[in-house]
K.L.:
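Here's a structure for you.
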Amino acid sequence: GKTVEWCRMAARQGHADAQWRLGRCYGLGEGVEKNYEKAVEYYSKAAEQGQVKAQNNLAVCYINGSGVIKDPAKAVEWFRKAAEQGVAMAQYNLGVCYDRGNGVTKNAEEAVKWYRKAAEQGYAGAQYSLGDCYDRGNGVAENAEEAAKWYRKAAEQGYAKAQDSLGDCYYCGWGVAEDEEEAVKWYRKAAEQGYAGGQYSLGDCYYYGKGVEEDKRKAVNWYQKAAEQGYAGAQNDLGFCYKNGYGVEKNAAKAVEWYRKAAEQGEVHAQYNLGGCYENSIGGLTQNNDEALKWYKKAADQGHEEAKKAID
């Protein structure tokens, strides 16, 4: 459209902002056909001129190998340029690189430093990550109160992962006073945004009647949503509900189907449960001790006590 034409003209004349905007149009396919190579071309022009948003965008291209050969070290170089000029997203991205050792030597303290800079600018992803660092004592002394504080800041901005983690804080009394109803409130916010972890946690609350009235049907409903997104814990629990007819009509074949999905992802309880299905020919499975043993062994290797007994 017109915007693209205007950007193109200004970009030709060397206007850095226009070059960045044009790169963005190509990157998102707005007003032009999506073309990552072209996006990189214009981001590079703008980045070389010191356009900080372009520097961050160019770094993202290098991290993902979009329109350019993947080069995490180069990404870090560009993230750093933008981060040092105060771009919150770049500060966060640089933190992630340090956290994962991507394109730079892994350094938890450096990760925390950059997360904090971005978090203090109100960047929700960084607020969550900083909370997580305090939660795990990663690059900073473990501090439940600080973890909850930063989770809350991100959660109040609608960041689903942080809403789920803040729910955990309330559920366990970690850095805040234990409050199951408050936990449910935050789990629900995350769940309603489609966040699988929140859906699973909310399902658990309904299953056990924690902070809400026990309702196995509602539990199954939330387990199902998380399970369909590939959340292994929810797949196992959904299988368990199908096997026993909790909140849903008993269906052993469906139980096996969900146990298998979770077990193949390494979920220890599902591995044990699937072993049991093979041993006792549940859900249409032919009795098969070799298969049963295989799954019991996988669970036992992860420290599952009942599975260890089943092998002996």
K.L.:
Could you walk me through whether Asn138 and Asp99 pass the side chain to side chain contact (heavy atoms under 4.5 Å, CB included) test, one step at a time?
P.N.:
CA-CA 9 Å; Asn138 181 37; Asp99 210 351; 3.2 Å; yes
K.L.:
What are the two closest non-hydrogen atoms of Ala154 and Tyr128, and how far apart are they?
P.N.:
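The pair with the smallest heavy-atom distance is CB-N, 3.8 Å.
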K.L.:
For Cys7, is there any backbone N or O sitting under 3.5 Å from a side-chain donor or acceptor partner on Gln19?
P.N.:
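No, the answer is negative, given that no donor and acceptor are paired below the 3.5 Å cut-off.
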K.L.:
Decide yes or no on salt bridge (charged side-chain N to carboxylate O under 4.0 Å, His left out) for Arg80 and Glu77, but give the supporting numbers first.
P.N.:
CA-CA 5 Å; Arg80 191 182 307 282; Glu77 210 176 289; over 6 Å; no
K.L.:
Go through the steps for Ser201 and Asp164 under the test side chain to side chain donor-acceptor pair (under 3.5 Å), then give the verdict.
P.N.:
CA-CA 8 Å; Ser201 301; Asp164 184 41; 3.2 Å; yes
K.L.:
I'd like to check Leu94 versus Val104 (side-chain heavy atoms, cut-off strictly below 4.5 Å). Are they in contact?
P.N.:
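Not in contact.
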K.L.:
Please tell me whether Trp114 and Tyr159 are part of a single hydrophobic cluster in this structure, the criterion being side-chain heavy atoms less than 4.5 Å apart.
P.N.:
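Different clusters: Trp114 never reaches Tyr159 through Ile, Leu, Val, Met, Phe, Trp or Tyr contacts under 4.5 Å.
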K.L.:
Could you give the distance from CG (Asp71) to OH (Tyr62), rounded to the nearest 0.5 Å?
P.N.:
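So the CG of Asp71 and the OH of Tyr62 are separated by 7.0 Å.
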K.L.:
Do Tyr42 and Val32 land in one hydrophobic cluster if side-chain heavy atoms of ILVMFWY residues count as linked below 4.5 Å?
P.N.:
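Result: yes, single cluster for both.
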K.L.:
Are Lys250 and Tyr242 in a cation-pi setup, meaning NZ or CZ lies under 6.0 angstrom from the ring centre and within 45 degrees of the ring axis?
P.N.:
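Negative - Lys250 is either too far from the ring of Tyr242 or too far off its axis.
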K.L.:
Between Asp17 and Arg21, does a salt bridge (charged side-chain N to carboxylate O under 4.0 Å, His left out) hold up when you go through it step by step?
P.N.:
CA-CA 6 Å; Asp17 280 356; Arg21 281 178 201 284; 5.5 Å; no
K.L.:
If you round to the nearest 0.5 Å, how far is CD of Gln224 from CH2 of Trp258?
P.N.:
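Going from the CH2 atom of Trp258 to the CD atom of Gln224 covers 5.5 Å.
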K.L.:
Please name the pair of heavy atoms, one in Tyr171 and one in Glu178, separated by the smallest distance, quoted to 0.1 Å.
P.N.:
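It is O-CG, 3.6 Å.
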K.L.:
Tell me, yes or no, whether the heavy-atom count around Glu181 atom CD, taken from other residues, nucleotides or ligands under 6.0 Å, exceeds 12.
P.N.:
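No, the 6.0 Å shell around CD holds no more than 12 heavy atoms from other groups.
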K.L.:
So does Ser66 get a backbone contact from the side chain of Asn64, meaning a donor-acceptor N/O pair under 3.5 Å?
P.N.:
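Judged by distance alone, no pair lies under 3.5 Å.
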K.L.:
With under 30° as parallel and over 60° as perpendicular, where do the rings of Tyr272 and His304 fit, or are they tilted in between?
P.N.:
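Tyr272 and His304: parallel rings.
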K.L.:
Report, as yes or no, whether the 6.0 Å neighbourhood of atom CZ on Arg100 holds more than 12 heavy atoms from other residues, nucleotides or ligands.
P.N.:
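It does not: Arg100 CZ has 12 such atoms or fewer within range.
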K.L.:
Are Leu293 and Trp295 linked, directly or through intermediate hydrophobic residues, by side-chain heavy-atom contacts shorter than 4.5 Å (ILVMFWY only)?
P.N.:
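Cluster IDs for Trp295 and Leu293 differ.
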K.L.:
Strictly below 4.0 Å, N to O, side chains only: are Glu146 and Lys149 in salt-bridge contact?
P.N.:
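Yes, charged N to carboxylate O under 4.0 Å.
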K.L.:
Ignoring hydrogens and angles, tell me if any N or O in the side chain of Lys216 forms a donor-acceptor pair with the backbone of Tyr207 under 3.5 Å.
P.N.:
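Side chain of Lys216 to backbone of Tyr207: a pair is present.
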K.L.:
Atom SG in Cys133, atom CH2 in Trp150: separation rounded to 0.5 Å?
P.N.:
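So the SG of Cys133 and the CH2 of Trp150 are separated by 12.0 Å.
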K.L.:
Using modelled atom types and a 3.5 Å cut-off, is there a donor and acceptor pairing between side-chain atoms of Gln302 and backbone atoms of Gly266?
P.N.:
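Pair found, side chain donor or acceptor close to backbone of Gly266.
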K.L.:
I would like to know whether Tyr259 and Phe240 meet side chain to side chain contact (heavy atoms under 4.5 Å, CB included); could you show each step before the answer?
P.N.:
CA-CA 8 Å; Tyr259 282 156; Phe240 188 77; 3.7 Å; yes
K.L.:
For Arg24, look at atom CZ and say whether over 12 heavy atoms of other residues, nucleotides or ligands are found less than 6.0 Å away.
P.N.:
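No, CZ of Arg24 has 12 or fewer neighbouring heavy atoms, counting only those of other groups under 6.0 Å.
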K.L.:
Is a donor on one side and an acceptor on the other found under 3.5 Å between the side chain of Gln49 and the backbone of Gly14?
P.N.:
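Side chain of Gln49 to backbone of Gly14: a pair is present.
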K.L.:
Identify whether Leu130 and Val96 are in the same connected component of the hydrophobic contact network (ILVMFWY, side-chain heavy atoms under 4.5 Å).
P.N.:
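Hydrophobic grouping puts Leu130 with Val96.
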K.L.:
Let me confirm one number: the NZ-CG distance from Lys294 to Leu274, rounded to the nearest 0.5 Å.
P.N.:
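One gets 8.0 Å once the value is rounded to the nearest 0.5 Å.
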K.L.:
Can you check whether Ala232's main-chain N or O pairs, donor with acceptor, with Glu267's side chain at less than 3.5 Å?
P.N.:
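No, the answer is negative, given that no donor and acceptor are paired below the 3.5 Å cut-off.
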K.L.:
Indicate yes or no for a side-chain donor-acceptor contact from Asn107 to the backbone of Glu109 under 3.5 Å, with no hydrogens or angles considered.
P.N.:
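It does hold such a pair.
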K.L.:
How long is the straight-line distance from NZ of Lys218 back to CD of Glu213, given to the nearest 0.5 Å?
P.N.:
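Between Glu213 CD and Lys218 NZ, I get 9.0 Å after rounding to 0.5 Å.
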K.L.:
May I ask you to say whether Lys308 pairs ionically with Glu305, meaning some side-chain N is under 4.0 Å from a carboxylate O?
P.N.:
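Answer for the salt bridge query: yes.
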K.L.:
Looking at every heavy atom in both Ala47 and Leu58, which two are closest together, and how far apart are they?
P.N.:
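In this case the closest contact between Ala47 and Leu58 is CB-CD2, 3.9 Å.
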K.L.:
After noting the C-alpha distance and the side-chain angles of Asn57 and Trp20, does the key distance pass the side chain to side chain contact (heavy atoms under 4.5 Å, CB included) rule?
P.N.:
CA-CA 9 Å; Asn57 288 130; Trp20 167 67; 2.6 Å; yes
K.L.:
Does the side chain of Asn288 come within less than 4.5 Å of Ser281's, by heavy atoms?
P.N.:
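They are not in side-chain contact.
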K.L.:
Quick check for you: to the nearest 0.5 Å, what is the distance between His15 atom NE2 and Met9 atom CE?
P.N.:
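Going from the NE2 atom of His15 to the CE atom of Met9 covers 9.5 Å.
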K.L.:
Ignoring hydrogens, what is the shortest heavy-atom contact between Met89 and Asn56? Give both atom names and the distance.
P.N.:
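In this case the closest contact between Met89 and Asn56 is SD-ND2, 3.2 Å.
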K.L.:
Evaluate the side-chain proximity of Lys34 to Leu28: yes if any heavy-atom separation is below 4.5 Å, no if none is.
P.N.:
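No. Closest side-chain heavy atoms not under 4.5 Å.
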K.L.:
Charged N to carboxylate O under 4.0 angstrom, Glu257 versus Lys254?
P.N.:
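No, Glu257 and Lys254 are not salt-bridged.
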K.L.:
For the ring pair (Phe, Tyr, Trp, His ring centres under 6.0 Å) test, which of Tyr187, Tyr231, Trp222 pairs with Tyr200?
P.N.:
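So, applying the ring pair (Phe, Tyr, Trp, His ring centres under 6.0 Å) to Tyr200 and each of Tyr187, Tyr231, Trp222, only Tyr231 qualifies.
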K.L.:
Would you say Asp135's side chain and Gly131's backbone share a donor-acceptor pair under 3.5 angstrom?
P.N.:
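Between the backbone of Gly131 and the side chain of Asp135 there is no qualifying donor-acceptor contact (under 3.5 Å).
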K.L.:
Out of Glu264, Gln229, Glu228, Gln265, which residue meets the side-chain hydrogen bond (donor to acceptor under 3.5 Å, both in side chains) rule with Gln235?
P.N.:
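Among the candidates, only Gln265 passes.
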K.L.:
With side chains defined as the heavy atoms from C-beta onward, is the minimum distance between Lys297 and Ile311 less than 4.5 Å?
P.N.:
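With C-beta onward as the side chain, the pair touches.
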K.L.:
I want to check something: taking the side chain as every heavy atom from C-beta on, are Cys61 and Tyr36 in contact at a cut-off of under 4.5 Å?
P.N.:
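Sidechains of Tyr36 and Cys61: no contact.
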K.L.:
If you look at every heavy atom in Asn102 and Pro72, which pair is closest and at what distance?
P.N.:
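Answer, listing the atom of Asn102 first, then Pro72: OD1-CB, 3.4 Å.
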K.L.:
Between Glu279 and Tyr296, do the side chains contain an N or O donor and an N or O acceptor separated by less than 3.5 Å?
P.N.:
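Judged by distance alone, the side chains do pair up.
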K.L.:
Okay, side chain of Gln163, backbone of Ala155: is any donor-acceptor separation there less than 3.5 Å?
P.N.:
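It does hold such a pair.
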K.L.:
Check the side chains of Asn251 and Glu249 for a donor-acceptor pair under 3.5 angstrom, ignoring hydrogens and angles.
P.N.:
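Per modelled atom types, Glu249 and Asn251 side chains form no pair under 3.5 Å.
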K.L.:
Return yes if some donor-acceptor pair links the side-chain N/O of Asn273 with the main-chain N/O of His269 below 3.5 Å, else return no.
P.N.:
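Pair found, side chain donor or acceptor close to backbone of His269.
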K.L.:
Could you state whether Trp78 and Val40 fall into the same hydrophobic cluster, counting links through intermediate Ile, Leu, Val, Met, Phe, Trp or Tyr residues with side-chain heavy atoms under 4.5 angstrom apart?
P.N.:
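In one cluster with Trp78: Val40, yes.
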K.L.:
Stepwise, does the side chain to side chain contact (heavy atoms under 4.5 Å, CB included) test hold for Tyr98 with Val112?
P.N.:
CA-CA 9 Å; Tyr98 274 114; Val112 167; over 6 Å; no
K.L.:
Determine the minimum heavy-atom distance between Leu285 and Arg260, stating which atoms define it.
P.N.:
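Here Leu285 and Arg260 meet closest at CD2-NH2, 3.8 Å.
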